[in-house]
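Here is the naming used below: chain letters follow the sequence lines, and residue numbers restart at 1 for every chain. Source: prediction; values computed, not measured.
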Number of protein chains: 2
Amino acid sequence: MKIINDGITAPIGFMAADAMAGIKYQGRTDMAMVYSKADCTCAGTFTTNVVKAAPVIWDRDVVVKGKSARAIVVNSGIANACTGEKGLTICEKTAEAAAKALNIQKEQVCIGSTGVIGMQIDVDKVTDGVSKLANSLEKSPEASLRAAKAIMTTDTVHKMMAAEIELSGKKVTIGAMTKGSGMIHPNMCTMLCYITTDAAISSEMLKKALSESVKDTYNMISVDGDTSTNDTCFIMANGLAGNEEITEENEDYYVFLDAINTINTNLAKKMAADGEGATHLFEVKVNGASTKEEAVTLSKSVVRSPLCKSAIFGKDANCGRFMCALGYSGVDFDPSNVDIYFESKAGSVLVVDKGMAPEFDEELALKILSEDEVSVRCEMNMGDKSATAWGCDLTYDYVKINADYRS
Amino acid sequence: MKIINDGITAPIGFMAADAMAGIKYQGRTDMAMVYSKADCTCAGTFTTNVVKAAPVIWDRDVVVKGKSARAIVVNSGIANACTGEKGLTICEKTAEAAAKALNIQKEQVCIGSTGVIGMQIDVDKVTDGVSKLANSLEKSPEASLRAAKAIMTTDTVHKMMAAEIELSGKKVTIGAMTKGSGMIHPNMCTMLCYITTDAAISSEMLKKALSESVKDTYNMISVDGDTSTNDTCFIMANGLAGNEEITEENEDYYVFLDAINTINTNLAKKMAADGEGATHLFEVKVNGASTKEEAVTLSKSVVRSPLCKSAIFGKDANCGRFMCALGYSGVDFDPSNVDIYFESKAGSVLVVDKGMAPEFDEELALKILSEDEVSVRCEMNMGDKSATAWGCDLTYDYVKINADYRS
């Protein structure tokens, strides 16, 4: 697998565009379009929140069920959630406008929205935006970048990645862009994620690959424990690479899955590190759990604990809080078996030894916790199952961003 | 029921003391003792965290199982959690010192600790503290107050209350003190709570009354979603009021339960309002749920949401976040049935109408959210079950307190 300096338009046949539609933000781009010149198999995973935004309902009911996609239209600024029938109509009008401009079917248009909940989108602004987008589609790393920037809300950095692999002797390319910074929590973390590929892969296998991958990547990040109304991870594959179509779990499938995993892990970590107000990427590895489910539960319990997150912000080796967060996860274990290490590129230090706090080198711990990426490794010593979760520290700026966000 | 200006020593036969033991804090009191001159029936509820602090293990195994208590010894500064066998020995030595000084059995001494996890308590300091305490026991509102202050950690105000009721023609008094400010979350919220009474009540009925009451009071508050290792609610009843002993669910039982509930509700709200860094008491009422369990789950989901808590801090009527937090609670409901109101003594405003954001008076909303005590009322329109949860806003100071706490 070779990482290339590109994003969503890297695979053959994909183009993208951005536009200033003035939906809520002024003076910046706030809409993006992705277009494939050939029909795509597609798959999506969406928020588990009972309150689903209109675009989630649209995508799930129309695009994913239909199994053929051609375009994605995303706006930032307004989430189109809690907007009732009117919100669904906005999705339909947006899809219609895109379908007309691109000469495709409206059922082939995936819609994404991110931003404030409860506000209605002005239909004229969004359909005008669609016209602009359709007229400026382009295939280039710059176009990929501009699209990734247009979908940002409180994100401080854009997030995109692309990679090449070889399947049945053909070069296959995958591109992706994500946004997501607050309201991020497991169960289809609050985020928008779009992946394109020119691989030939059946709808069924694409769906399988996406769910497999999301489980260990996007569903393992938490910024604040709030599962959004808009979470979406959508993948479309147009087959233009000309590889032999993947229709079963063969070697090609695993090469493809591995590439998707690498991209998703990378982007998931970028999202966690760019959590609202974050100053540290906070990684929690749990090893030696009895089951995978328990490993996941334990790691998520620590990664979302406000007290652990505050300790990471304060570079404070307050090891008891980490034991405490394992303890209230709901998983049963013997505390006297547990070892915990703080780790980063500055080193490793044992801070809980068989459930108790040993004497440790506080200076080394401070050095470790001063790195941008900090890892807490919990050895449960019960079995052989592992999980890794990613989050970020809890900072003044998280509060500031979210106390002021709407206004 | 008559509220009286006193606390833990209000009931007949109870005395209390405070002391500076220098366990961790300097220049302030950090130990408290409560003593009953007659044997008490007792009951306790404790943290559900798998990682239980030594005093929790001691109390549960010794005092509560033994069913007769005479004294409580509490220290602040160090939690005596994650301290292994040595931590348990500290509890035993403390109880022994108290038993000797008070001429009672060590198994009659309830121990409580609150503070940093993972540090060991110096046994000499704590036993010296016990001697000081035993020599300065006193029955007065001032002694009640001093004890309530000695058990504070990051609390900014002490929390105590006392009340009188009449049972079978006798005046019965109940006193209480609590502490708790961070690491507070349902499932025996992180806190220490001690209740004394001179009521005559069987061990069984005392236990029943305590569990009934904790469920709707202390277990309904959340400051940060972290369930501590030390949560304790302990009640002791010495029977000196001379009422006819309560041994069944008769009228006296309900009068007693009602008084306990009033006291616990009041102190639970005080704890939530004094959550670390809090500027608002944040109350979430859920009405019209299908079951009590669902009402509890929904209200807790909103009260612990960092995004809702940040909105309360920012006085931002960001109604979508509240719908979102109901939505990811795990309870199934139809969003288009839900109405949400923001309420305080400044008024009431409908901010979600049948699942959608209506036009509302933003100025009035700001006025409502500017009060110290803010309530969010969610009408689910599914059934007739209700629950109320209490928390506080998420502020810069929460982060500051917890990034710096250990050092």
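- Contacts of Val331(B) with chain A are made by backbone atoms alone, with heavy-atom separations under 4.5 Å and no side-chain atom involved.
- Here CD of Glu85(A) is found 9.0 Å from CE of Met356(B). Values are rounded to the nearest 0.5 Å.
- Between Gly355(B) and Cys82(A) the shortest heavy-atom distance is O-CB, 3.4 Å.
- Heavy-atom distances place the backbone of Thr83(B), and not its side chain, under 4.5 Å from chain A.
- Annotation: the span from Thr229(B) atom OG1 to Arg321(A) atom CZ amounts to 11.5 Å, rounded to 0.5 Å.
- Between Phe333(A) and Val50(B), the shortest heavy-atom distance links the atoms O-CG1, 3.0 Å.
- Contact record, Cys324(B) with Ile117(A): CB-CD1, 4.0 Å, taken as the closest heavy-atom pair.
- Taking all atoms of both residues into account, the shortest heavy-atom contact from Gly118(B) to Ala357(A) is O-CB, 3.1 Å.
- Heavy-atom pairs under 4.5 Å with chain B were tallied for Thr395(A), Asp332(A), Asp334(A); the largest tally goes to Thr395(A).
- The 12-atom threshold is not exceeded at NZ of Lys86(A), counting heavy atoms of other residues, nucleotides or ligands nearer than 6.0 Å.
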